[in-house]
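Before any comments, here is the structure.
A note on names: the letters A, B, ... follow the listed sequences, proteins ahead of strands, and every chain is numbered from 1.
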Amino acid sequence: MPLLSLREAIAGHVRDGQSIALEGFTHLIPFAAGHEIIRQGRRALHLIRMTPDLIHDQMIGMGCATQLTFSWGGNPGVGSLYRLRDAIERGWPQPLAIAEHTHAEMAVAYQAGASGLPCGLMRCYADTDLDRARGGRLARIACPFTGAALRAVPAITPDVTILHAQQVDREGNVLLRGIIGAAREAALAARCLLVTVEERVDRLAAPANAVVLPHWLISAVSVVPGGAHPSYAAGCYERDNRFYVEWDDIARQRERFQLWMQEHVLASADHAELLRRLRITA
Amino acid sequence: MPLLSLREAIAGHVRDGQSIALEGFTHLIPFAAGHEIIRQGRRALHLIRMTPDLIHDQMIGMGCATQLTFSWGGNPGVGSLYRLRDAIERGWPQPLAIAEHTHAEMAVAYQAGASGLPCGLMRCYADTDLDRARGGRLARIACPFTGAALRAVPAITPDVTILHAQQVDREGNVLLRGIIGAAREAALAARCLLVTVEERVDRLAAPANAVVLPHWLISAVSVVPGGAHPSYAAGCYERDNRFYVEWDDIARQRERFQLWMQEHVLASADHAELLRRLRITA
Amino acid sequence: MTTAYNADEMMTVTAARQLRNGAVCFVGIGLPSAACNLARRTHAPDLVLIYESGTVGTRPQVLPLSIGDGELAATATCVVSLPEVFAHYLQRGRVDVGFLSAAQIDGYGNLNSTVIGDYARPTVRLPGSGGAPDIAACAREVLIIMKQSPRSFVARLDFMTSCGYLGGTGERRRAGFPGAGPRAVITDFGILRPDAVTEELQLVAIYPGATVDAARAATGWPLRVAPTLETLPAPDPADLAVLRELQAATQAAHARALRIDLPRPAQT
Amino acid sequence: MTTAYNADEMMTVTAARQLRNGAVCFVGIGLPSAACNLARRTHAPDLVLIYESGTVGTRPQVLPLSIGDGELAATATCVVSLPEVFAHYLQRGRVDVGFLSAAQIDGYGNLNSTVIGDYARPTVRLPGSGGAPDIAACAREVLIIMKQSPRSFVARLDFMTSCGYLGGTGERRRAGFPGAGPRAVITDFGILRPDAVTEELQLVAIYPGATVDAARAATGWPLRVAPTLETLPAPDPADLAVLRELQAATQAAHARALRIDLPRPAQT
């Protein structure tokens with residue numbers, strides 16, 4: 001597990017055209033890594049996330065993505081992601097192909113990927129319009145023992161999964177604490193795993209049964225304090241709920257969005273500078 | 001979640017002929033509960049456990065069981081379970097029908113049960129003699145997306161699952177700490193969940209992401225200090241490895257086994273008395 | 001004594017009253033979350049709240065803005081992974097009440113939270129399904145809270161994201177769904193419930209001051225009214241006070257400017 | 001300088017030497033566990049040990065008696081559930097080396113740990129498969145450690161619990177197994193490896209003092225010998241010292257009488 005700067009980690013591991021899961025369920029969203037992907041100008045990415053939020057709005061609006069696999073794409077508690085909508089509704093800045101699931105389906109898909117299975121199973125009762133819209137992407141099968149109707153969901157196996165976490169120790173083991181969403185499954189499902197962390201410590205503050213990713217599963221770790229802002233890292237800092245509300249105004253118009261990205265994300269050499277510009281840190 | 005004596009919990013919830021999973025992977029094995037089942041003379045039980053060990057040797061040798069679903073039945077690090085062998089090899093004290101799996105299969109079966117699915121999936125490459133011996137209990141199916149060969153494993157849904165854990169709080173929430181095996185899945189898969197615990201506390205010593213079973217999943221909790229002995233409860237007491245070695249001699253002959261059970265388990269009114277007889281507690 | 005109150009408050013108080021103490025409730029953000037937490041602070045202190053972030057048995061002091069605010073984890077009985085909360089809790093049948101909202105509902109309680117217009121080229125792209133179809137399928141019963149308007153209460157959904165009673169008259173039951181479907185729809189006019197036979201939603205209770213005609217005008221299908229239409233009481237002032245206190249604390253918490261004190265970088 | 005040593009020690013030291021530093025190793029109890037922990041304390045300090053109790057990256061100070069001793073959890077990088085360790089680690093292809101033993105092995109590395117005699121009415125009922133078939137299928141490669149005797153090295157298994165090369169000559173590969181199969185069988189005579197074409201196990205290395213004739217006499221099939229038979233060195237005295245220290249500490253730990261100080265019962 002090499003310890004790299006985030007710039008090196010993204011430059012070395014994320015390539016145009018890949019499928020990239022930046023996971024985090026409201027908590028521990030790898031914002032800094034997404035910004036670095038934008039700075040490095042990656043293109044034609046297939047973005048994967050259960051709950052794409054502001055960082056995905058930004059990557060999509062900046063033209064990094066041509067595909068999105070997701071189950072809920074909004075600004076949590078606020079409303080729309082206007083850049084995501086603009087891409088789907090009007091193809092701006094480019095068309096975005098979507099593969100849409102329910103949360104439970106996507107959880108099953110990640111778990112299948114993490115388990116080395118080509119698909120996972122759910123109960124199935126009736127088709128919704130989502131089932132009809134996506135055509136053959138899901139399949140009905142019958143339980144060979146009971147005959148019960150089941151839905152097979154194809155596994156998700158991202159080329160790269162990127163997570164944010166609280167700590168890395170000297171060996172490179174990573175600790176996640178708090179709401180974990182499908183982070184563990186997304187990590188194990190990936191071919192390449194990148195992690196940004198709040199801090200490097202000698203020994204993880206990891207009690208029995210903590211969520212720890214062993215160093216030998218991880219391709220690179222980058223120490224990026226505040227790397228989840230405006231999302232949060234439990235025990236380190238809170239969610240910047242105010243920023244989520246403000247984003248509603250920033251992202252509504254193309255021009256204001258582009259200007260904001262220019263003046264904040266692109267104008268900052270790295271995440272530390274961005275946090276200073278946003279007056280989040282001193 | 002009523003707090004009952006172990007005698008009341010077993011009397012009220014475990015009936016002849018039921019399928020009963022006493023889980024625990026070396027750690028947190030509910031020995032006290034198994035002994036109480038023996039004292040109450042339950043019959044025709046279908047016992048379920050990945051790694052049936054001494055407590056299952058005792059229940060089988062005392063005539064409680066007519067079926068066993070398992071994946072490894074031995075005295076860990078020591079050798080055979082002689083009462084289990086006697087039942088399978090010579091039908092003593094009565095024949096024992098077995099349903100045998102690999103560990104991975106049984107983990108999938110519990111997970112399917114915990115997930116409300118009739119079956120779960122594994123990769124499948126070639127049939128072993130185990131596949132041939134159990135005939136139609138497992139089924140091959142093809143992945144509807146890739147065509148890959150998969151094995152469907154029917155869910156395990158015990159009538160009753162019994163676990164041992166470290167703590168219960170005043171609300172009835174239960175904390176398990178350390179090696180958890182398939183305890184969580186066995187708990188969620190069951191129709192009725194009984195738990196014995198080391199102690200009752202005001203507030204669980206449960207950090208973020210600890211393994212906690214909410215009170216509303218649990219039919220009864222009994223406070224039984226030392227209830228996992230000769231297995232162990234991490235943070236409370238160690239595994240009595242010496243007892244596991246001694247069991248090899250105790251269980252080898254039918255008469256010595258019966259005498260030992262009579263003089264220890266049956267002669268003790270409860271687990272506290274048994275531990276005193278074994279000189280484990282003062 | 002009367003107290004002035006707005007439609008959101010009336011809906012929230014009414015919805016909270018639908019929840020029995022001790023029920024296990026899978027909650028969405030917004031009005032459902034407000035109603036559940038009001039219930040927990042009033043008549044149903046032992047209500048078990050599960051948010052889809054995997055926070056089980058949570059007792060937030062302020063209402064979460066997102067489904068995964070730190071407050072939800074810090075006050076939870078346990079925090080489990082997404083695969084666990086959907087498989088082990090919801091699909092396994094451990095959830096008594098699923099509490100949903102949506103952009104559109106039809107006369108049989110089917111919901112749309114995906115698109116307005118055509119799916120491939122939508123007029124308005126909505127956030128999408130999230131866990132709603134899973135909750136609608138598996139929770140023992142479903143409560144829905146939505147404001148009534150001809151745009152949201154429609155004769156035909158633009159897109160059926162989550163199943164209610166499908167076409168009604170037992171179609172849901174025949175499809176084998178484990179959950180019974182929508183038990184009540186709480187609106188800003190009153191409460192709609194499914195007819196015992198046809199499963200079509202009908203107005204069964206109305207708020208003081210609301211009229212059947214206005215409710216009908218706000219509904220995109222010919223709204224039926226139950227033979228005996230109950231008039232709901234005005235919100236209890238005590239309930240209102242608790243709700244307002246909760247929302248004031250919430251607004252203060254969400255408006256707070258964030259400052260991060262970064263840890264000193266470790267020597268590498 | 002030479003040091004006296006027994007067969008178990010020779011096997012354990014030889015097996016340990018098969019493990020490269022940094023490999024991720026799924027370990028069974030007994031000789032595999034001893035060999036892995038010896039390797040970790042000598043040439044392979046970064047060997048990652050996974051026991052099937054879900055203890056990942058464990059570094060026990062004494063050898064565990066059971067697969068789930070507290071020592072394994074206390075010294076692990078993390079402890080995961082059984083479903084996770086088998087699905088997320090083993091089946092997902094994260095394990096480099098599976099280390100197995102069994103009651104019987106045949107000439108193609110297939111293993112029996114289920115029964116001696118007939119399955120329905122066995123002469124000897126063995127503990128059963130445990131995770132061995134899963135490990136044999138999914139680990140990138142497999143090491144086997146077993147004493148050679150005509151009863152254990154048999155022409156035909158009483159029961160095939162775990163797959164080696166099946167009938168040989170590519171049958172395993174054609175069946176699509178993700179793991180390559182048994183790379184070496186370490187016995188009390190030396191090392192057997194599969195032939196590059198037929199995949200039949202053949203003697204490729206022998207301990208000092210052991211003879212081919214004796215190895216053949218201890219094998220239930222006509223044992224082939226590699227064209228160039230390596231003679232293994234005697235165990236390094238430093239390795240032997242580490243192994244003996246480990247085993248002495250283990251015996252002392254396992255023989256210790258247990259006393260439980262029960263917590264004072266809480267007031268109910």
Item to check | For the student: nearest non-hydrogen atoms of A:Ala152 and B:Phe145, plus distance | outcome: O-CZ, 3.3 Å
Checklist entry - In terms of heavy-atom pairs under 4.5 Å, which option from B:Cys143, B:Pro118, B:Ala208 contacts chain A the most? => result B:Pro118
Checklist entry - Between A:Gly116, A:Ala148, A:Ala210, which shows the greatest number of heavy-atom pairs under 4.5 Å with chain B? => result A:Gly116
Checklist entry - Quick one: does B:Arg123's side chain have a donor or acceptor within less than 3.5 Å of a partner on A:Leu117's backbone? => result no
Item to check | Beyond-backbone contact of A:Cys119 with B:Leu150, side-chain heavy atoms, under 4.5 angstrom | outcome: yes
Next on the checklist: Any heavy-atom pair between the side chains of A:Asn209 and B:Ile180 that's under 4.5 Å?
Outcome noted: yes
Checklist entry - Which atoms of A:Leu121 come close to chain B, meaning under 4.5 Å heavy atom to heavy atom: side chain ones, backbone ones, both, or neither? => result both
Next on the checklist: Please identify, among B:Gly178, B:Gly235, B:Pro144, the residue contributing the most non-hydrogen atom pairs under 4.5 Å to chain A.
Outcome noted: B:Gly178
